[in-house]
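What follows is a short report on a single structure.
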Number of protein chains: 2
Amino acid sequence: MARAGLTAERVTIAGAELADEVGLDQVTMSQVARRLGVKDASLYTHVRSLEDLRGRIALLAADEKTIRIAETTAGRAGKDALIAFANAWREYAHQHPGRYMATQTPIQIDPELAAKAPGPRRAVELTYGMLRGYGLAEPDLTDAVRLLRSTFHGFVALEAAGGFAHERSPQHSWVRALDALHTLLEHWPPSREGDSS
Amino acid sequence: MARAGLTAERVTIAGAELADEVGLDQVTMSQVARRLGVKDASLYTHVRSLEDLRGRIALLAADEKTIRIAETTAGRAGKDALIAFANAWREYAHQHPGRYMATQTPIQIDPELAAKAPGPRRAVELTYGMLRGYGLAEPDLTDAVRLLRSTFHGFVALEAAGGFAHERSPQHSWVRALDALHTLLEHWPPSREGDSS
DNA sequence: AGATATAACCTAGGAGTCCTAGGAATCCAA
DNA sequence: TTGGATTCCTAGGACTCCTAGGTTATATCT
């Protein structure tokens, strides 16, 4: 019997493809093994557990999403960069719903593996870089980054969960949301001290 | 042997409690049955399947969250209402992480059951009502509602997934985000036609 | 090239899960 | 009190995750 040439990467990719095709919670050891033409027990040489596999899929997704964002925002600035950034985010979520959903799970990832994956850290750096043109200083910068990430993620998550009724196309609302965020960043409200609820 | 006095509601509540305590994906028929002092097969007289149970938990959460929001926003207007609305949302997510996560799953709910549950629909109405003071007209109103819901959901989802590093307290960013959204609503940018990327 | 060591992949099996089928016990109503 | 409906049960099949231990293919060393 010839070997299948498995590797942690290949197993992760098979899992990610499966997640996009049939949903993340249909990603099972047996299914992934079947897709790779292998018995389920064979996967455990490359992946510690199902939990581990899901973590790897999440990291893969984070990396891929970050790369997409980096590519499309390269050389852009201001509103241009904001729109490119946001659209890359949303399009990745649309094209890879299973991978993207893996990102949302409360992270229980092998720390040494996470340390190797540049995705999440780089994504934050990219967001800060994109905001450079708006002239914000800390801690406003961090707050703005978190607001943007929240909005982008929330929008695509609600979209995926069917949270938007059909009256108006989500695409329209998305464009308008980006408009709104742009003007918001240009007129970021000054912080008043002693305001804490 | 005395009967346990089960009902669809009681099963759903047991599942919701379990979800909050040990995580949504630990909510299993067997676990719920054990918690109720019953065999797993007995649950199927009240609930069609595990999928069905999760849907019911999601609806329960939506109703509860809506009620909390309605209570705290009653009699408030403007920024006051915005902050009360947002805080009620976030606090519910904090207090009931499992229930809240059930809300996020791509909804596959018995339509006739969903029709009975007032939660989701009423939540949207409340959001529209809260925005009344800002003087927005359609379609801006819908866009603003979607932006707010996206941001609220995205923030608590990222928070729950450990998406915010420890540098700065999420609470601070939350307060500032609400500030920002308030000023944004007061200066909602006019829509320019023919802008579609 | 041949021998050896390492690692990949296998079979076998235990424990847990979802769900169905059909039987027994309990509650309710006439 | 008796009949009927409903609740809860036992039994069991198919699937899942994961471990243990055995084979076989590949890589390395002499």
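Naming: A, B, ... by sequence-line order, numbering from 1 per chain.
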Integer-rounded Å distance: D:dT24 C1' and A:L6 CG: 15 Å
Using OP1 and OP2 only, check whether a side-chain N or O of A:H46 sits under 4.0 Å from C:dA7. no
Nearest-Å distance for atom pair CG/P, residues B:D40 and C:dT20: 12 Å
Ring center gap for A:Y92 and A:H96 short of 6.0 angstrom: yes
For atom CG of B:L53 and atom P of C:dC18, their distance in whole Å: 10 Å
Give the nucleotide from the list C:dA8, D:dC18, C:dC10 with an atom nearest to the side chain of A:Y44. D:dC18
Does a distance-only test, which skips hydrogens and angles, find a donor-acceptor pair under 3.5 Å between the side chain of A:R3 and the base of D:dT26? no
Quickly, which of A:E17, A:E64, A:E21 forms a salt bridge (Lys or Arg N to Asp or Glu O under 4.0 Å) with A:R99? Name it, please. A:E64
Candidate nucleotides C:dT17, C:dA8, C:dC19, ranked by approach to the side chain of B:R34 - the nearest: C:dT17
Does the gap between the ring centers of A:Y134 and A:H187 come in under 6.0 Å? no
Once you round it to whole Å, what is the distance between P of D:dC17 and CG of A:D52? 14 Å
By nearest atom, which of the nucleotides D:dC9, C:dT11, D:dC17 is closest to the B:V38 side chain? D:dC9
Look at the aromatic rings of A:F85 and A:F152 and report parallel, tilted or perpendicular, splitting at 30° and 60°. tilted
Whole Å only: how far is the CD atom of B:Q26 from the C1' atom of D:dC17? 13 Å
Answer yes when B:R56 and B:E9 have at least one side-chain N-carboxylate O distance shorter than 4.0 Å, and no when they do not. no
Any side-chain N or O of A:S30 under 4.0 Å from OP1/OP2 of D:dC17? yes
A:Q31, nearest nucleotide to its side chain (from C:dT17, D:dT16, C:dC18): D:dT16
Value in whole Å for how far the P atom of D:dC17 lies from CZ of A:R48: 17 Å
Closest to the A:T45 side chain, choosing from C:dT11, C:dC9, D:dC8: C:dC9
Atom pair distance, as rounded to whole Å: CG in A:L50 and C1' in D:dC15: 14 Å
Testing D:dC9, C:dC18, C:dC10 for proximity to the side chain of B:T28, the answer is C:dC18
For A:D25 and C:dC18, what is the distance between atoms CG and P respectively, to the nearest whole Å? 13 Å
Taking C:dC10, D:dC18, D:dC8 as options, the one with an atom nearest any side-chain atom of A:K39 is C:dC10
